[in-house]
2 protein chains.
Amino acid sequence: MGITKSGHFTEQQNNLAAIAKALGHPARIAILDYLLKVDVCICGDIVGEIPLAQPTISQHLKELKQVGLIKGSISGNTVCYCLDEVAVSTLQSYLSVLSQKLRDHQNQCC
Amino acid sequence: MGITKSGHFTEQQNNLAAIAKALGHPARIAILDYLLKVDVCICGDIVGEIPLAQPTISQHLKELKQVGLIKGSISGNTVCYCLDEVAVSTLQSYLSVLSQKLRDHQNQCC
DNA sequence: ATTTTTAATCGTAATATTGCAATGTAAAGA
DNA sequence: TCTTTACATTGCAATATTACGATTAAAAAT
């Protein structure tokens with residue numbers, strides 16, 4: 001991006017944006033989808049499931065982890081990843097507020 | 001970004017990522033926050049509320065509109081923006097699936 | 001009719017992301 | 001110990017985003 005002026009916004013706004021940004025890539029959605037499909041945990045078999053090179057996937061996993069969308073624990077030779085409640089519920093709460101507003105005012109304007 | 005390989009992912013994954021990406025900037029979160037604060041509609045008074053230049057805000061509004069997070073209708077000299085159900089509920093549904101998984105499996109691994 | 005107001009568009013500089021080959025690291029297995 | 005396996009890191013090239021000044025477009029106000 002260019003020069004994102006994060007200093008002008010609240011911490012909450014920056015945090016929400018960071019989580020959404022991490023979700024904002026099809027490869028990272030695909031990783032989460034795979035997490036859902038294989039039932040919570042993925043230990044070592046992500047590369048091969050997603051058509052990207054290993055370093056690229058490693059980088060995407062790092063970004064998901066950084067914002068708290070997934071967490072990983074080292075298990076010997078492999079790493080085990082699963083969903084992390086932290087960021088999921090943060091973003092979900094925000095969307096709930098948005099959709100509540102939508103329900104309250106049934107398109108009275110626009 | 002670099003060369004995002006959207007061709008490798010499903011339409012749904014690309015769509016979800018696009019919505020999340022649009023949410024993934026503090027200025028755009030701030031715009032939505034302002035929408036919530038002033039009660040659904042914002043007609044012409046966004047610039048001045050957000051510390052960015054008018055062309056920048058116009059660009060952010062365009063991105064929110066493109067993915068269906070807001071909709072705008074021209075009202076004479078000004079434009080009236082409000083939340084759009086389309087993208088809000090799409091992303092909300094996805095997060096519901098994620099958090100349902102989290103609830104089903106209470107951190108049995110990781 | 002002219003000026004003002006509101007917001008979109010264009011052009012562009014600064015910076016961030018994406019993707020991968022090459023390389024590094026550390027545990028597992030032979 | 002040596003090799004293999006599984007990931008993480010580094011260092012780029014290619015491309016996307018962000019921000020804004022300048023300009024344009026169109027309705028409103030004078």
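In what follows, chains carry the letters A, B, and so on, assigned in the order in which the sequence lines appear, proteins first and then strands, with residues in each chain numbered from 1.
In this entry the distance linking CD1 of Ile70(A) with C1' of dC7(D) reads 13 Å, nearest Å. As rounded to whole Å, 10 Å separates atom C1' of dA7(C) from atom CG of Leu61(B). What separates NZ of Lys65(B) from P of dA7(C) is a distance of 12 Å, to the nearest Å. Following rounding to the nearest Å, Ile57(B) (CD1) and dT9(C) (P) show an atom-to-atom distance of 16 Å. For Leu64(A) and dT18(C), the CG to C1' distance is 14 Å, given to the nearest whole Å. Taking atom NZ of Lys62(B) as the reference point, atom P of dC20(D) lies 17 Å away to the nearest angstrom. Rounded to whole Å, atom P of dA26(D) lies 10 Å from atom CD1 of Ile74(B). Rounded to an integer number of Å, the gap from Leu52(B) CG to dA7(C) P is 16 Å.
Rounding to the nearest 0.5 angstrom, the gap separating the CG atom in Leu35(B) from the CG atom in Leu69(B) is 10.5 Å. Once rounded to the nearest 0.5 Å, the distance linking CG of Asn15(A) with OG1 of Thr90(A) reads 6.0 Å.
Thr56(A) has a side-chain polar atom (N or O) that falls below the 4.0 Å cut-off from OP1 or OP2 of dC20(C). Using a 4.0 Å cut-off, some side-chain N or O of Tyr81(B) falls inside it from OP1 or OP2 of dA8(C). Considering only side-chain N and O atoms, Ser58(A) lies nowhere under 4.0 angstrom from the phosphate OP1 or OP2 of dC7(D). Under 4.0 angstrom from either OP1 or OP2 of dT17(D) there lies at least one side-chain N or O belonging to Lys21(B).
The aromatic rings of His25(A) and Phe9(B) sit perpendicular, their planes meeting at an angle over 60°, well past the 30° parallel limit.
Heavy-atom distances to DNA chain C give each of Gln59(B) and Asp45(B) a nearest nucleotide, and the one nearer the 5′ end belongs to Asp45(B).
For the pair Asp84(B)/Val67(B), no side-chain contact is recorded, criterion being any heavy-atom separation below 4.5 Å from C-beta on. Between Leu36(A) and Leu83(A) the shortest side-chain heavy-atom distance falls below 4.5 Å.
Side-chain proximity of Arg28(B) to dT18(D), dT6(C), dA8(C): nearest is dT18(D). When the nucleotides dG19(C), dC20(D), dA8(C) are ranked by their closest atom to the side chain of His60(A), dG19(C) comes out on top. Minimum atom distance to the side chain of Ile3(A) is reached by dA14(C), of the listed dT9(C), dA14(C), dA14(D).
Closest of all the heavy-atom pairs between Glu63(A) and Ala22(A) is O-CB, 4.1 Å. Across Ile57(B) and Ile50(B), no two heavy atoms sit closer than the pair CD1-O, 3.8 Å.
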Contact state string [nucleotides 22-30 of chain C, B base, S sugar-phosphate only, - no protein heavy atom under 4.0 Å]: B----BS--
